[in-house]
Amino acid sequence: MSDGAWKKTACILCECNCGLEVMLGGEGGRHLVKVRGDRAHPASQGYACEKPHRLDHYQSDPGRLTSPLRRRPDGSFEAIGWDVAIREVAERLARVRDVHGGGAIFYYGGGGQGNHLPGAYATATRRALGSRHRSSALAQEKTGEFWVAARMMGSATRADFEHCDVALFLGKNPWHSHSIPRARVTLRAIAADPARTLIVVDPRRTETAELADIHLAVRPGTDAWLLVALVGILLAEGRIDRAFLERHVAPGELAAVQAALGRFSIPDAIARTGVEPALVERAARAIGGARALASFEDLGVQMNHHSTLVSYLHRVLVLLTGSLGKPGSHYLPATLVDIASGEEKAPSPVAGARVVGGLVPCNVVADEILTDHPARYRAMLVEGANPAHSLAGSPRMRQALAALDTLVVIDVALSETARLAHYVLPAASQFEKAEATFFNLEFPRNHFHLRRRLLPPLAGTLPEAEIHARLCEALGAFSEADLAPLREAAGQGLTACAMAFLQHVLPDPRLSGLAPVLLYRTLAIPDEVREGAVLLGIAARAAMKHGPSLARAGFGGSPVEAACALFERMLAAESGLVFAVDEWDEVLRRAPRQLHLALPDMLAELSRLGEAPPRDPAFPLVLSAGERRSFTANTIIRDPAWRKTDAAGALRVSLADALALGVGNGARVRLVTPHGAATVPVELSAAMQPGHVSLPNGLGVGDGAGPPVGVAPNELTGDGDRDPFVGTPWHKHVPARIERA
Ligand SMILES: Nc1nc2c(c(=O)[nH]1)N[C@H]1C(S)=C(S)[C@@H](COP(=O)(O)OP(=O)(O)OC[C@H]3O[C@@H](n4cnc5c(=O)[nH]c(N)nc54)[C@H](O)[C@@H]3O)O[C@H]1N2
Ligand SMILES: Nc1nc2c(c(=O)[nH]1)N[C@H]1C(S)=C(S)[C@@H](COP(=O)(O)OP(=O)(O)OC[C@H]3O[C@@H](n4cnc5c(=O)[nH]c(N)nc54)[C@H](O)[C@@H]3O)O[C@H]1N2
Ligand code: SF4
Ligand SMILES: [Mo]
């Protein structure tokens with residue numbers, strides 16, 4: 001039964017966060033009994049894939065936590081009250097800070113596919129603790145792209161697939177993984193139009209590749225060679241945008257790239273990819289002849305050999321073809337929060353690893369803990385992430401987490417990481433508080449969606465905003481006197497609040513870092529959007545940075561007026577809103593005046609691209625550990641019953657390999673890598689090429705009582721297998737063999 005009313009929210013299962021309408025019902029009216037796409041959502045416009053219809057498996061998971069937990073000396077957990085939990089967590093973290101300095105307190109997470117507000121509030125707790133080092137999943141996928149993009153065009157770009165005539169997907173299967181709005185609609189439209197060309201680079205014949213005009217089924221791990229060939233052909237045939245290059249790139253840089261690529265033989269490069277030369281040439285000519293090229297690289301190349309080099313060569317292709325700043329090509333969106341910073345910070349304290357965008361490479365986290373180095377991390381706060389499962393080399397990650405003086409986990413479930421914690425703080429679900437993400441990267445109209453709370457928090461849980469406010473209070477980070485000017489303004493309307501914030505909080509270095517919780521504690525806003533308080537500060541920053549874009553979206557006037565108007569609209573717009581409207585010529589104004597085609601470190605890396613290291617004959621196969629499928633969504637939904645298909649998470653194997661091994665569909669095999677072994681059912685797949693096998697992402701989670709369902713991919717990976725520049729893992733290229741079970 002339901003109350004018959006559709007309520008607005010969004011899907012939390014991938015970064016698209018499609019707008020949804022749901023009906024509540026069932027026991028206590030707390031279940032999501034009906035789900036459909038929300039036509040009023042500015043980006044998804046009613047679109048939804050198959051996954052959110054089963055979102056109640058998230059909301060109503062029987063494993064939801066309902067009390068803070070404290071670890072006993074024997075390793076078991078006891079339930080404790082919130083006051084005790086907050087006091088003891090604050091005391092333990094403060095002790096680490098006082099003895100070893102805030103640098104010893106490491107923060108991981110801050111939100112997943114649907115929830116970024118916790119990370120915003122956590123900045124206050126981190127400030128109160130003096131915590132300097134942090135990371136998140138972005139530092140095991142995107143940091144290489146961010147780092148080269150920042151140096152080449154100022155920032156990472158996105159592309160306008162809706163209006164491109166050539167679409168290129170590198171190591172990405174958007175049919176399942178999405179990442180662009182209404183992916184299947186857009187893919188079908190490109191495929192159906194004879195004037196447009198869809199190019200997919202993937203060893204597998206994916207659902208996206210099935211739709212493609214050109215499928216370049218490279219041998220796993222050879223994308224750098226493919227890009228050398230594609231760029232080489234464009235240069236050799238002069239299919240480059242000279243006018244664009246003359247305007248935006250120093251002439252010496254084109255010459256440097258030409259020289260570096262001129263050292264390669266194109267036929268040899270193509271031969272290494274295993275693709276038919278005529279097909280590579282066709283792709284190069286389509287790219288070189290494009291009116292507008294939109295391209296997207298993802299995990300197939302970013303979690304693979306040469307990942308940073310491939311990110312670089314991909315951008316060389318974009319710049320050579322002038323695919324920046326015109327409709328249908330790449331753009332730099334107006335953002336609310338810059339989640340794609342490629343700025344380099346001080347290296348990590350123990351391993352000395354390169355830190356991009358403030359994120360320590362995930363693959364060195366264990367190295368930063370498992371050492372007697374005085375600057376090692378001794379405490380960790382994990383929130384909305386499950387690193388014991390999601391980061392490379394789970395056994396070593398567990399060892400590292402167990403070596404910490406204090407591990408605090410904020411989660412809705414007793415995740416693999418939470419099970420190792422000293423304290424677990426149960427969060428309200430994403431439908432029991434206001435939530436949002438900063439994954440909004442559209443152009444020329446960019447949107448934002450603050451979803452309102454649909455239900456009161458499950459008894460015993462708290463929204464993260466409240467948890468961080470209480471932690472800051474317990475740490476003595478601010479006093480009632482600090483709140484007084486904001487409290488006083490609260491009675492006089494939003495403009496007064498914004499002015500008080502700008503006058504009393506932002507200029508005071510002690511208070512500015514605490515801004516999120518100060519706003520949360522003082523702004524008078526409805527309960528359904530209470531956790532949106534931090535957005536006033538974010539709107540103020542956006543008004544200062546992107547004033548004209550906001551003004552075109554209807555938020556004009558002085559920065560304070562614009563920020564207040566935007567903030568009010570964020571709170572009111574149940575389906576989300578367009579907060580920025582741009583013009584295409586804005587893109588090249590937003591980028592640095594000089595774009596960079598030649599990065600010396602990447603050209604040096606290119607010159608080292610040579611013979612592949614010999615393969616260990618004990619592991620003749622390449623395992624891609626973590627494929628996105630119809631019913632995978634990281635570890636957001638833990639109950640395997642949510643999967644309509646592939647509940648056990650089969651290992652996809654080519655027909656040739658299955659025949660050679662003598663295994664049929666459904667047979668259980670032992671999958672062995674240098675790092676571990678697992679038993680898994682086989683699915684014979686015509687999409688796989690011989691020598692390549694593929695495991696789904698996000699399986700191998702359980703309630704801790706029985707064995708987990710499916711294989712946890714990182715029991716089979718190791719954190720040493722990583723990119724030399726930014727430390728991203730090589731999960732799509734794990735040496736493996738199959739044994740008959
Ligand atoms: N259904 C679903 N959607 C999701 C998610 C989910 O868990 N489930 N997760 C979300 C997240 S967090 C992310 S980061 C994105 C990731 O989205 P994608 O990167 O699209 O996802 P994957 O399936 O991991 O990898 C993409 C492709 O890389 C290919 N690949 C493997 N080896 C190689 C290679 O050597 N070269 C090339 N070119 N390709 C190779 C694989 O065959 C696969 O088809 O998906 C998001 N969307
Ligand atoms: N081998 C291999 N490993 C991979 C990948 C791969 O392809 N192969 N993919 C990687 C990628 S791209 C990513 S993005 C990561 C994802 O891995 P993580 O960043 O670790 O994120 P999730 O698995 O999404 O975990 C989300 C956690 O948040 C919890 N949660 C849900 N809602 C809330 C809430 O409202 N509040 C709080 N506090 N917690 C909540 C969930 O219970 C879950 O424990 O995995 C990575 N790991
Ligand atoms: S595309 Fe992503 S956000 Fe949209 S409905 Fe599917 S899983 Fe949810
Ligand atoms: Mo991801």
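Start at 1 and go down the list; that is how both ligands and their atoms are numbered. Atom set for the values below is all heavy atoms of this structure, side chains included, hydrogens, waters and symmetry mates excluded.
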Side chain to side chain donor-acceptor pair (under 3.5 Å) assessment of S177 paired with N173: CA-CA 6 Å; S177 66; N173 181 17; over 6 Å; no

If the cut-off is 4.0 Å to any non-hydrogen atom of [X], which atoms of ligand 1 fall inside it?
X	result
G221	34 (C), 35 (O)
A633	6 (C), 7 (O), 8 (N)
G626	24 (O)
H176	1 (N), 2 (C), 3 (N)
C14	47 (N)
S624	31 (C), 32 (N)
G171	19 (O), 26 (C), 27 (C), 28 (O), 37 (C), 38 (N), 39 (N)
E141	14 (S)

Contact with ligand 1 for K142, non-hydrogen, under 4.0 angstrom: no

Can you tell me if [X] uses its side chain to pair, donor with acceptor, with the backbone of [Y] under 3.5 Å?
X	Y	result
T717	G393	yes
T728	D723	no
S44	H41	no

Please say whether [X] places an N or O atom under 3.5 Å from an N or O atom belonging to ligand 1.
X	answer
N304	yes
E15	no
S179	no
R219	no
V201	yes

Heteroatoms of the protein, restricted to N/O/S, which lie under 2.8 Å from atom 2 (Fe) of ligand 3: C14 SG

So which bit of [X] gets within less than 4.0 Å of ligand 1, heavy atoms only: side chain, backbone, both or neither?
X	answer
H178	neither
M303	neither
D223	side chain
R629	backbone
T632	both
T206	side chain

Shortest heavy-atom approach to atom 30 (N) of ligand 1 - which of P174, G300, S694: G300

Option set T208, L623, N634, criterion heavy-atom distance to atom 7 (O) of ligand 1, minimum: N634

Test: [X] and [Y] ion pair at under 4.0 Å:
X	Y	value
D298	K142	yes
E50	R184	yes
R36	E21	yes
E15	R158	yes
R629	E207	no

Validation row, ring centre W642 to ring centre Y58 under 6.0 Å: no

Heavy-atom check, side chain of N386 versus side chain of T417, under 4.5 Å: yes

Geometric class of the H305/H733 ring pair [parallel <30°, tilted 30-60°, perpendicular >60°]: tilted

For [atom], what's the nearest protein heavy atom and its distance?
atom	answer
atom 10 (C) of ligand 1	Q113 OE1, 3.8 Å
atom 5 (C) of ligand 1	R628 CG, 3.2 Å
atom 19 (O) of ligand 1	L299 N, 3.0 Å
atom 29 (C) of ligand 1	D202 OD2, 3.2 Å
atom 20 (O) of ligand 1	S177 OG, 2.7 Å
atom 24 (O) of ligand 1	K732 NZ, 2.7 Å
atom 40 (C) of ligand 1	P203 CD, 3.2 Å

Residue K7 excluded, over 12 heavy atoms near NZ under 6.0 Å: yes

Any pair counted as side-chain hydrogen bond (donor to acceptor under 3.5 Å, both in side chains), so long as it reaches residues 689-700, sequence neighbours left out: S624-H692, E627-S694, N634-N697

Listed once per pair and sorted, the salt bridge (charged side-chain N to carboxylate O under 4.0 Å, His left out) pairs that draw on residues 302-315, sequence neighbours left out: E145-R315, E297-R315

Quick one: closest heavy-atom pair of [X] and [Y], and the distance?
X	Y	value
A385	G109	CB-CA, 3.9 Å
G300	N304	O-ND2, 2.9 Å
S429	V412	CA-CG1, 4.0 Å

Under the salt bridge (charged side-chain N to carboxylate O under 4.0 Å, His left out) test, residues paired with E210 that sit two or more places apart: R205

Between CD1 on residue I636 and NE2 on residue H57, distance to nearest 0.5 Å: 15.0 Å

